[in-house]
Amino acid sequence: AQSVSQHNHHVILSEAASLELGCNYSYGGTVNLFWYVQYPGQHLQLLLKYFSGDPLVKGIKGFEAEFIKSKFSFNLRKPSVQWSDTAEYFCAVDTGRRALTFGSGTRLQVQP
Amino acid sequence: DAGVIQSPRHEVTEMGQEVTLRCKPISGHDYLFWYRQTMMRGLELLIYFNNNVPIDDSGMPEDRFSAKMPNASFSTLKIQPSEPRDSAVYFCASTTGGGAAFFGQGTRLTVV
């Protein structure tokens, strides 16, 4: 069965610092990849997605992610974080069945 | 569009009682998913439907859990009898065949 690993469980950054959150998946076939954000007490919202084409995808709020097929990775990046980016971030994989397998999440805390 | 609508937002019930969670997917979406989120296990897929037909219910924890989708605009997740370990946030999500999943606000269930 496919799995998704997010190795950073809790990240603390100062405002304006750069962010990179790791995501690796285990599945040998074609995948669709997603990053979702969950603000405290809220539901999951889509940040960005990769289906095909340019492996560098841009999402909302200045986030981007790069799909590296050879590394089975889909890391999330943002050049300069803001206090309002404090949230939990989930990487997810769709192996074609449309249901998503989620990573365990990374809690990001941005200090002003 | 109002998005995925779930009710109730909060539910507190006593152990042994029946609990019914409700979901209205986004109009035109033909996939509907039920996820459960807990601190210990993260986001788990319970069951999903395509065109109102259950496709995979292997994530349903026990026979106490059941889900139905009688039409394209309504689904229920029922727990009977409920137990304290069922306490979690239950999310419903919907999508089309080629898009990202949109999540509802969730139902926070507490079984005492």
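Residue numbers start from 1 in every chain, and the chains themselves are labelled A, B, ... in the order their sequence lines are given, proteins ahead of strands.
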Item to check | By salt bridge (Lys or Arg N to Asp or Glu O under 4.0 Å) - contacts of A/E15 (at least two apart) | outcome: none
Checklist entry - Cluster question for you: counting only ILVMFWY and a side-chain heavy-atom cut-off of under 4.5 Å, with indirect links fine, are B/F91 and B/I26 together? => result no
Item to check | Beyond-backbone contact of A/T101 with B/L43, side-chain heavy atoms, under 4.5 angstrom | outcome: no
Item to check | Region of B/N50 in contact with chain A, defined by heavy-atom distances below 4.5 Å | outcome: neither
Next on the checklist: Quick check: closest heavy atoms across A/F90 and B/Q37, and the distance to 0.1 Å?
Outcome noted: CZ-NE2, 3.5 Å
Checklist entry - About how many Å separate OH of B/Y31 and CG of A/D94, when rounded to the nearest 0.5 Å? => result 9.0 Å
Checklist entry - Do A/V57 and A/F72 sit in the same hydrophobic cluster, where Ile, Leu, Val, Met, Phe, Trp and Tyr count as joined when their side-chain heavy atoms come under 4.5 Å apart? => result yes
Checklist entry - So do B/F102 and A/Q45 actually touch side chain to side chain, heavy atoms under 4.5 Å? => result no
Next on the checklist: Tell me whether B/L45 shares a hydrophobic cluster with A/V4, the cluster being built from Ile, Leu, Val, Met, Phe, Trp, Tyr side chains joined at under 4.5 Å.
Outcome noted: no
Checklist outcome for this item: Taken to the nearest 0.5 Å, the spacing of A/F102 CZ from B/Y35 OH works out to 5.0 Å
Checklist entry - Does the pair A/L100 and B/F33 meet the rule for a side-chain contact (heavy atoms from CB on, under 4.5 Å), with working shown? => result CA-CA 9 Å; A/L100 298 178; B/F33 310 88; over 6 Å; no
Checklist entry - With the 4.5 Å side-chain cut-off for hydrophobic clustering, are A/V11 and A/V110 part of the same group? => result yes
Next on the checklist: I'd like to know if the side chain of A/Y36 reaches the main chain of B/F103, judged simply by a donor and an acceptor atom lying under 3.5 Å from each other, with no hydrogens or angles considered.
Outcome noted: no
Checklist entry - CG/B/L32 to CZ/A/R98 distance, rounded to the nearest 0.5 angstrom? => result 15.5 Å
Item to check | Hphob cluster co-occupancy, B/V53 + B/F49, side-chain heavy atoms under 4.5 angstrom | outcome: no
Checklist entry - For A/Q38, is it the side chain, the backbone, both or neither that has a heavy atom under 4.5 Å from a heavy atom of chain B? => result side chain
Next on the checklist: Please output the residues of residues 46-53 of chain A in contact with chain B, using a heavy-atom cutoff of under 4.5 Å, in numerical order.
Outcome noted: A/L46, A/K49, A/F51
Checklist entry - Are there more than 12 heavy atoms of other residues, nucleotides or ligands under 6.0 Å from atom CD of B/E14? => result no
Checklist entry - Relative to chain A, which of B/R41, B/Q105, B/E44, B/R108 shows the most heavy atom pairs under 4.5 Å? => result B/Q105
Checklist entry - Around atom CG of B/D63, are there more than 12 heavy atoms of other residues, nucleotides or ligands at under 6.0 Å? => result no
Item to check | Shortest non-hydrogen contact from B/A100 toward A/F34 | outcome: CB-CE2, 3.6 Å
Next on the checklist: Would you say that more than 12 heavy atoms from the other residues, nucleotides or ligands in this model lie under 6.0 Å from the CZ of B/R64, or not?
Outcome noted: yes
